[in-house]
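Report on the following structure.
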Amino acid sequence: GRYFDHTDMYIAGSPGNWPAKEHSFWAGAVIRKQIVLLNDLTRDLPVSLCWQLSTADGREATKGTASAVAAAGEVTFVPIEFSAPTVDRRTECVLSVVPEGAAAEQFQRDDFQLQVFPDRAPRPADGDPVLVHDPHGRTSSILARMGLQATRWTGKEDFSTFRLLVVGERGYDDRFRDLALSRHLAQAITDGLNVLVFEQVEGDVFGVRIKEQSARRVFAQQAEHPFLAGLAASDFIDLSGESDLLAPYPPAPAETRTTWPARYFKWGNRGVVASYVCRKPHVGPFLPVLECGFDLVDSPLLAARVGRGRVVLCQVDVTARAAADPVSRRLMENLLGELRKEPLAQPVGVRAVGAGASDIARMFRLRL
């Protein structure tokens with residue numbers, strides 16, 4: 001019955017951004033939260049609070065106290081600030097706030113789960129250079145900061161000297177499609193070239209339809225997949241920061257003045273994991289690594305094996321966040337690391353049922 005009481009207390013986002021649900025932090029980062037006090041009584045309530053950050057195994061990382069007065073009929077914000085502990089691997093932590101003294105009669109304890117990742121020092125990027133088609137440049141900038149040697153794809157390069165072609169954010173354009181056809185990209189993939197496509201915002205990508213969703217809750221369909229190494233399912237709920245692929249508060253379509261909208265209005269980019277997602281294809285080689293949407297029919301991370309190569313569509317909004325968000329950075333590192341490995345020794349065979357499936361298999365040059 002806490003939600004039917006006259007008072008309540010919970011842990012919220014940083015000052016000026018209380019609705020934020022950020023829970024992933026670099027080791028040593030300054031974490032700012034607020035304790036929110038709700039008081040519907042007719043008198044003010046002096047409050048004494050004890051807060052503590054502990055690791056999942058019960059070890060205390062840091063703690064402190066705070067005092068405030070929960071004003072009658074108002075919302076009271078009590079800011080707290082502390083540093084994330086030093087860790088050598090992803091570490092689950094719990095931020096707990098416990099009311100003490102007379103306040104314990106009016107307010108109940110609240111816990112907030114958060115995760116701490118090792119320091120953001122860049123990892124050495126050994127291996128061959130990667131081909132990049134990135135007309136907007138932001139993905140290339142991230143790759144450079146990660147220490148990757150990138151070569152712009154002009155169509156003159158020899159695919160046999162590369163293991164990975166990266167298509168940058170919003171880069172799956174007419175120029176890319178023309179190059180793909182003229183340079184026989186499909187055959188290069190079958191022969192062992194990997195292709196990684198980052199966030200796209202319209203049309204379809206390798207035959208997979210893209211649609212806007214602004215998903216904040218994404219689930220791991222293949223939790224043990226190498227792309228998710230060092231990450232957990234909870235990391236893909238309410239990503240830190242904001243996405244910027246869409247305007248945060250677009251105007252409502254004109255037809256909503258007379259017709260009930262097909263979906264809710266978009267309201268903000270805070271915590272969005274994937275602005276645009278892929279509709280899971282019913283046929284073809286793509287399999288979801290992550291999934292989301294109504295009835296989990298969509299995916300922000302699809303992967304396909306085509307001959308000796310792979311095609312990966314990453315619609316998680318990582319490009320804008322890779323420098324600041326540990327989850328986005330780790331996902332990018334995993335994708336780039338896995339797709340720069342040696343190609344598969346043998347093509348993966350498939351069996352097609354029906355003429356339509358056979359047509360799809362032939363389109364992707366699958367070995368039947």
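- Checked by atom type and distance alone, the side chain of Arg216 pairs as donor or acceptor with a backbone atom of Arg270 at under 3.5 Å.
- Residues that satisfy the side chain to side chain donor-acceptor pair (under 3.5 Å) test with Arg152, not counting sequence neighbours, are absent from this structure.
- Side chain of Trp26 to backbone of Ala324: a donor-acceptor contact under 3.5 angstrom is found.
- Ring planes of Phe159 and Trp153: tilted class, angle from 30 to 60°.
- Within the 4.5 Å cutoff, the side chain of Glu92 has no heavy atoms near those of the Leu114 side chain.
- Glu74 and Asn39 share no donor-acceptor pair across their side chains, judged by distance under 3.5 Å alone.
- Checking Lys266 against Ser214 by side-chain atom types alone, a donor-acceptor pair falls below 3.5 Å.
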Could you list the donor-acceptor pairs under 3.5 angstrom formed by side chains in residues 197-210, with sequence neighbours left out?
{"residue": "Glu199", "atom": "OE1", "partner": "Thr319", "partner atom": "OG1", "Å": "2.7"}
{"residue": "Glu199", "atom": "OE2", "partner": "Val318", "partner atom": "N", "Å": "2.9"}
{"residue": "Glu199", "atom": "OE2", "partner": "Thr319", "partner atom": "N", "Å": "2.9"}
{"residue": "Glu199", "atom": "OE2", "partner": "Thr319", "partner atom": "OG1", "Å": "3.1"}
{"residue": "Gln200", "atom": "OE1", "partner": "Gly171", "partner atom": "N", "Å": "3.1"}
{"residue": "Gln200", "atom": "OE1", "partner": "Tyr172", "partner atom": "N", "Å": "2.9"}
{"residue": "Gln200", "atom": "NE2", "partner": "Gly168", "partner atom": "O", "Å": "3.0"}
{"residue": "Gln200", "atom": "NE2", "partner": "Phe198", "partner atom": "O", "Å": "2.7"}

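- At least one donor-acceptor pair closer than 3.5 Å links the side chain of Asn194 to the backbone N or O of Arg310.
- Using modelled atom types, one finds a donor on one side chain and an acceptor on the other under 3.5 Å when comparing Arg109 with Ser96.
- For the residue pair Ser243/Asn269, the side-chain donor-acceptor check at 3.5 Å is not satisfied.
- A distance-only check finds a donor-acceptor pair linking the side chain of Thr55 to the backbone of Arg59 [under 3.5 Å].
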